[in-house]
Amino acid sequence: MTLTLTTLPEPRSWQQELRDLISNPAELLQILELTPEQVDLSEAACEDFPLRVPRCFAARMKAGDPHDPLLRQVLASAQETLPQPGYHRDPLQEIGSANPSPGIIHKYHGRVLLMASGSCAINCRYCFRRHFPYAEQRNSRRQWQATLDYVRRDTSIEEVILSGGDPLMLTDSQLTELADQVASIDHVRRLRIHSRLPVVIPQRVTEDLLTAILRPSLQTLVVVHCNHSREIGSDMERAVASLNRQGVPCLNQAVLLAGVNDREQDQIDLWQTLWQIGVGAYYLHVLDPIQGAAHFDVDEASALALMAAVRSRLPGYMVPTLVREQPGAPSKTTL
C-alpha cells in the first residue's frame, strides 16, 4: 500500500483575512444557509452602515440559525430603519468639547484617546461610533505630531489610549512609529490599546506586532471586545497567550445586547471562558443610544437583575463592572 501525505493549507495571515472580508449580505446568508426574510435583512440599513465581517469570524456562526448571536451583531436588520426617539448619531457627544483637535478624544482626567485608525475589521451594528465622521477626525501620520504635542503640553496625562476604529488596523511600522513617539513623552506611563482584532482576526497578534507596541518605559495593556463565548476559539487563546507571555495584561469589555448575551448563562459562559484563556473582566456596558441600534437595548432594571444573578454564580474577579457612559461625566457611571 502506498501512503500519501496530505498537504494542509497554510493558515491565512491577518492581511489576507482583511483583504477577503465578507461585504455582501447575500454571500453571508448563502454561507449560513439562510434567506433574507429569515433574518429581516435591510438593504437600506446596509447602505447606511455596510456589512463588514471576517470569514474566520463568520465560520463561528451556526448555519441555519437566524438568531445566531454572532450573526445578530453584524447583519443589518430592518429594525435599524425604524424611528428611534432618544437615539442619536453622537450619543456620547464626542464631537465638541471632548474633541479638542482632530484625532483626539479627551474626556477623563489623566488619559487621552487617540483615533489611530478610522477603520475596523468588523462593523458591529450597535457601534456607538457607527456615524462618527472618521474622514474628518482620523489621526493620520501627518497629524500625529500635533496630536502628541497636545499630550506633551498636558503633564496630567499618564495614559495614551489607541482607539478608533481599530488601532491594530495600522501596519506594524506605523504602530512602531506611534509607540516610539508616545514613549518619548516623559509623563506618559501607560499605552492602552483597544481592539477587536484579537477576537475577530486573532492572526493579527504576531511577534512583529509585539515588537511594535512594547517599550521599556511604558506599561502596555490590551483591552479586547468580546460579547459572546462563541467568539472565543483556539486562535484567540493563542493570541492572548502571546500577549500574556510578554507581560501584556488583557482585559475585556463587552456590551449588553438584547438577543446576543442578555441571558444569565450567556454572561456566565463569556466571563468564565475569557478568564480561562487569560483575559480579565473589565466593563459590561449598557447600550449607548446610537441611532440604528435601539433593538439591542436592555433596560436598566433587567441589566441590574442579570448582573445580580451573575455575581451569585461567579467569583468576584470574573465579574465585570456594569457601566453606562454619560456625556460630560468625569468617569463611567457604575450601575
K.L.:
Do R204 and D172 come within less than 4.5 Å of each other through their side chains, counting heavy atoms only?
P.N.:
yes

K.L.:
Using the side chain to side chain contact (heavy atoms under 4.5 Å, CB included) rule, take L306 and E264 through it: C-alpha gap first, then chi angles, then the decisive distance, then the call.
P.N.:
CA-CA 6 Å; L306 174 63; E264 180 181 337; 4.1 Å; yes

K.L.:
Compute whether any side-chain donor of one residue and acceptor of the other, for D20 and Q16, lie under 3.5 angstrom apart.
P.N.:
no

K.L.:
Determine the minimum heavy-atom distance between Q181 and S184, stating which atoms define it.
P.N.:
O-OG, 2.6 Å

K.L.:
Counting only N and O atoms by type, is there a donor-acceptor contact under 3.5 Å from the side chain of E237 to the main-chain atoms of I277?
P.N.:
no

K.L.:
Taking CZ in R313 as the centre, count heavy atoms belonging to other residues, nucleotides or ligands within less than 6.0 Å. Is the count above 12?
P.N.:
yes

K.L.:
Establish whether Y150 and L162 are linked, either directly or via other cluster members, by ILVMFWY side-chain heavy-atom contacts under 4.5 Å.
P.N.:
yes

K.L.:
Could you tell me if the side chain of I185 sits less than 4.5 Å from the side chain of L148, heavy atoms only?
P.N.:
yes

K.L.:
With no hydrogens and no angle check, is any side-chain donor or acceptor of D297 less than 3.5 Å from a backbone partner on A294?
P.N.:
no

K.L.:
Is the side chain of E231 donor-acceptor paired with the backbone N or O of N227 at a distance under 3.5 Å, no angle test?
P.N.:
yes

K.L.:
Which pair of heavy atoms, one from A121 and one from R52, lies closest together, and at what distance?
P.N.:
O-CG, 3.8 Å

K.L.:
So does L209 get a backbone contact from the side chain of T206, meaning a donor-acceptor N/O pair under 3.5 Å?
P.N.:
yes

K.L.:
More than 12 heavy atoms of other residues, nucleotides or ligands under 6.0 Å from NE2 of H109: yes or no?
P.N.:
no

K.L.:
Decide whether I161 and L221 are clustered together by the hydrophobic rule: side chain heavy atoms of Ile, Leu, Val, Met, Phe, Trp, Tyr closer than 4.5 Å, transitively.
P.N.:
no

K.L.:
Is any side-chain heavy atom of V323 closer than 4.5 Å to one of E325?
P.N.:
no

K.L.:
Answer whether the closest heavy-atom distance between the side chains of L191 and R215 falls below 4.5 Å.
P.N.:
no

K.L.:
So, R192 side chain and E159 main chain: donor-acceptor pair closer than 3.5 Å or not?
P.N.:
no

K.L.:
For R189 and Q219, run side chain to side chain contact (heavy atoms under 4.5 Å, CB included): C-alpha distance rounded to whole Å, both residues' side-chain angles, the deciding distance at 0.1 Å, then the answer.
P.N.:
CA-CA 6 Å; R189 300 180 180 181; Q219 181 181 19; over 6 Å; no

K.L.:
Is K107 close to P327 at the side-chain level, that is, under 4.5 Å between some pair of heavy atoms?
P.N.:
no

K.L.:
By the ring pair (Phe, Tyr, Trp, His ring centres under 6.0 Å) test, which pairs, at least two apart or in different chains, include something from residues 252-292?
P.N.:
W275-Y317, Y283-H285

K.L.:
Do the side chains of I22 and F57 join up, straight or via other hydrophobic residues, at under 4.5 Å, putting them in one cluster?
P.N.:
yes

K.L.:
Can you tell me if D166 uses its side chain to pair, donor with acceptor, with the backbone of S117 under 3.5 Å?
P.N.:
no

K.L.:
State plainly whether one hydrophobic cluster holds both I193 and L251, where clusters connect Ile, Leu, Val, Met, Phe, Trp and Tyr through side-chain heavy atoms under 4.5 angstrom apart.
P.N.:
no

K.L.:
Hey, does V199 have a side-chain heavy atom less than 4.5 Å from the side chain of H225?
P.N.:
no

K.L.:
Is it the case that the side chain of D68 and the backbone of K62 share a donor-acceptor pair, with hydrogens and angles ignored and the cut-off at 3.5 Å?
P.N.:
yes

K.L.:
Going hydrophobic residue to hydrophobic residue with side-chain gaps under 4.5 angstrom, can you get from L18 over to V224?
P.N.:
yes

K.L.:
Contact between D154 and H106 at the side-chain level, heavy atoms closer than 4.5 Å - yes or no?
P.N.:
yes

K.L.:
Apply the test side chain to side chain contact (heavy atoms under 4.5 Å, CB included) to residues C46 and L41: give CA-CA distance (whole Å), side-chain angles for both, the deciding distance (0.1 Å), then the verdict.
P.N.:
CA-CA 9 Å; C46 280; L41 176 67; 4.3 Å; yes

K.L.:
Would you check, one step at a time, whether the test side chain to side chain contact (heavy atoms under 4.5 Å, CB included) holds for Q246 with T211?
P.N.:
CA-CA 10 Å; Q246 294 295 328; T211 300; over 6 Å; no

K.L.:
Can you list, pair by pair, the side-chain donor-acceptor contacts under 3.5 Å of residues 29-37, counting residues two or more places apart and other chains?
P.N.:
unit_1: T35; atom_1: OG1; unit_2: Q38; atom_2: N; d: 3.3
unit_1: T35; atom_1: OG1; unit_2: Q38; atom_2: OE1; d: 3.3

K.L.:
Are more than 12 heavy atoms from other residues, nucleotides or ligands located less than 6.0 Å from atom CG of D299?
P.N.:
yes

K.L.:
Looking at N123 and P50, would you say the former's side chain and the latter's main chain have a donor-acceptor pair under 3.5 Å?
P.N.:
yes

K.L.:
Is any side-chain heavy atom of L21 closer than 4.5 Å to a side-chain heavy atom of P54?
P.N.:
yes

K.L.:
Can you tell me if R230 uses its side chain to pair, donor with acceptor, with the backbone of R60 under 3.5 Å?
P.N.:
yes

